[in-house]
Amino acid sequence: MSHLQVFIISFLTISCVSIFMPNLVAAQLRTNFYAQTCPNVESIVRNVVNQKFKQTFVTIPAVLRLFFHDCFVEGCDASVIIASTSGNTAEKDHPDNLSLAGDGFDTVIKAKAAVDAIPSCKNKVSCADILALATRDVIQLSGGPGYAVELGRLDGLTSKSSNVGGNLPKPTFNLDQLNTMFASHGLNQADMIALSAAHTLGFSHCDQLSNRIFNFSPKNPVDPSLNKTYAAQLQQMCPKNVDPRIAINMDPITPRAFDNVYFQNLQKGMGLFTSDQVLFTDQRSKGTVDLWASNSKVFETAFVNAMTKLGRVGVKTGKNGNIRIDCGAFN
């Protein structure tokens with residue numbers, strides 16, 4: 001066999017692996033993964049989430065946002081939960097992650113402790129899977145759809161702050177930038193629009209939108225795509241030089257409900273970020289926004305599909321991961 005033939009066979013092998021690897025990973029995930037080892041894992045996690053929610057509503061957006069930030073960097077492997085050490089600055093301490101609410105981390109850590117308190121479950125369930133389950137639970141708790149969560153992820157072995165930059169969507173992104181970032185994780189435009197609706201819950205700090213309401217451009221200090229009344233309200237809630245820790249609702253109409261009002265807000269020019277409003281102002285995505293604004297069932301189906309696909313991103317298997325004893329530290 002010539003060197004050329006060897007090269008061609010090697011190239012084809014590598015190409016096939018790269019094409020089919022995501023499907024192989026997805027095939028490992030299954031809804032009944034813990035049926036033999038920890039059959040009650042879902043109810044254990046759900047009880048902890050319910051208890052945490054009774055203490056503070058912040059649990060809901062905090063867990064949901066934690067899942068997104070985890071999956072977009074290194075994949076869905078709970079690497080965002082790792083605490084920094086003297087020798088390593090972890091993902092959670094990157095500037096883009098400093099606004100992640102502590103209640104999200106606390107929920108996963110408490111749920112892991114509750115799972116491990118069952119002798120048969122001890123050290124059998126990954127932190128990554130617990131985060132995926134808790135995310136589904138907070139969506140349901142706020143009125144969103146229930147769905148079966150695929151399980152079988154391992155926890156990642158790497159968490160570096162240096163891996164975060166450029167891997168999370170920015171509030172200033174246009175449609176092309178959003179589509180490019182989501183496509184890099186195997187998510188299409190419909191998935192991106194559906195997942196953006198997570199902004200129907202939670203809060204944003206004023207510094208994330210100050211440019212939009214005070215310094216948008218030399219001709220237009222206020223972004224002209226913003227509803228004028230809403231812009232005035234935002235200026236009142238987030239005046240110049242406001243304490244950057246001040247936070248406002250992402251959805252001004254139903255801030256505590258997971259619903260399609262997010263899309264109805266976009267139709268009225270009430271998307272908080274440029275990256276929200278562009279979904280309506282760009283003709284390529286406007287039709288989807290209009291459809292989902294008028295049909296919550298169709299939106300919920302698309303959201304569940306997108307969340308399932310997101311949950312498959314960068315899943316660790318075999319020697320690429322393990323099950324952490326402590327979600328905040330490597331074994």
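In this text, all values refer to a predicted model and were calculated from it rather than measured experimentally. Basis for what follows: all heavy atoms, side chains included, without hydrogens, waters or symmetry-related copies.
With Phe72 as reference, Leu310 is the one residue of Leu310, Val80, Asn167 to meet the side-chain contact (heavy atoms from CB on, under 4.5 Å) rule. When each of Val138, Thr135, Thr107, Val108 is paired with Leu66, the side-chain contact (heavy atoms from CB on, under 4.5 Å) condition holds for Val108 and for no other. Of the candidates Thr281, Asp290, Leu279, Val261, Leu279 is the only one forming a side-chain contact (heavy atoms from CB on, under 4.5 Å) with Leu266.
The aromatic ring centres of Phe303 and Tyr147 sit 6.0 Å or more apart.
Because its NZ or CZ atom is both nearer than 6.0 Å to the ring centre of Phe57 and within 45° of the ring axis, Arg256 counts as a cation-pi partner of that residue. A cation-pi arrangement is present between Lys92 and Phe105, with the terminal nitrogen or guanidinium carbon under 6.0 Å from the aromatic centre and inside a 45° cone about the axis.
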**Asked** Checking side-chain hydrogen bond (donor to acceptor under 3.5 Å, both in side chains) for the pair Tyr230/Asn265: CA distance, chi angles, key distance, verdict?
**Response** CA-CA 10 Å; Tyr230 185 46; Asn265 290 340; over 6 Å; no
**Asked** Are Asp251 and Thr254 close enough, and set up right, to give a side-chain hydrogen bond (donor to acceptor under 3.5 Å, both in side chains), and what steps lead you there?
**Response** CA-CA 6 Å; Asp251 177 349; Thr254 56; 3.1 Å; yes
**Message:** Apply side-chain hydrogen bond (donor to acceptor under 3.5 Å, both in side chains) to residues Ser296 and Asp259 and explain how you reach the verdict.
**Reply:** CA-CA 7 Å; Ser296 60; Asp259 53 28; over 6 Å; no
**Item:** Residues Asn179, Leu175; criterion side-chain contact (heavy atoms from CB on, under 4.5 Å); working and verdict
**Value:** CA-CA 6 Å; Asn179 278 336; Leu175 191 72; 3.7 Å; yes
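Using modelled atom types, one side-chain atom of Asp191 and one backbone atom of Asn188 make a donor-acceptor pair closer than 3.5 Å.
A heavy-atom distance below 4.5 Å is found between the side chains of Ser285 and Gln189. In this structure, the side chains of Phe173 and Thr274 stay at 4.5 Å or more apart for every pair of heavy atoms. Residues Leu29 and Val315 form a side-chain contact, since some pair of their non-hydrogen atoms from C-beta on lies under 4.5 Å apart. The shortest distance between side-chain heavy atoms of Ser79 and Val73 does not fall below 4.5 Å. By the 4.5 Å heavy-atom criterion applied to side chains, Ile139 and Leu201 are not counted as neighbours. Looking only at side-chain heavy atoms (C-beta outward), His69 and Asn97 come within less than 4.5 Å of each other. Residues Val45 and Asp137 form a side-chain contact, since some pair of their non-hydrogen atoms from C-beta on lies under 4.5 Å apart. Contact annotation: the side chain of His94 never approaches that of Thr89 to less than 4.5 Å [non-hydrogen atoms, C-beta and beyond].
The pair Asp77-Arg153 fails the salt-bridge criterion, with no side-chain N (NZ, NE, NH1 or NH2) lying under 4.0 Å from an Asp/Glu carboxylate O. Ionic pairing of Lys316 and Asp155 is not present here: no N-O contact between side-chain nitrogen and carboxylate oxygen is shorter than 4.0 angstrom. A salt bridge links Glu150 with Arg312: the distance from a Lys NZ or Arg NE/NH1/NH2 to an Asp or Glu carboxylate oxygen falls below 4.0 Å. A salt bridge does not link Asp326 with Arg324: none of the charged nitrogens is closer than 4.0 Å to a carboxylate oxygen.
Linking Ile, Leu, Val, Met, Phe, Trp and Tyr whenever their side-chain heavy atoms come within less than 4.5 Å leaves Leu154 and Val41 in two separate clusters.
Within 6.0 Å of atom CG in Asn241, 12 or fewer heavy atoms from other residues, nucleotides or ligands are found, so the atom counts as exposed in its surroundings.
Side chains of Arg212 and Thr172: a donor-acceptor N/O pair is absent below 3.5 angstrom, by distance only. Side-chain contact of Asn40 with Ser43: a donor-acceptor pair under 3.5 Å is absent, judged by distance alone. In this model, a donor atom of one side chain and an acceptor atom of the other lie less than 3.5 Å apart for Ser84 and Asp93. A donor and an acceptor atom, one from each side chain of Asn163 and Glu74, are located under 3.5 Å apart.
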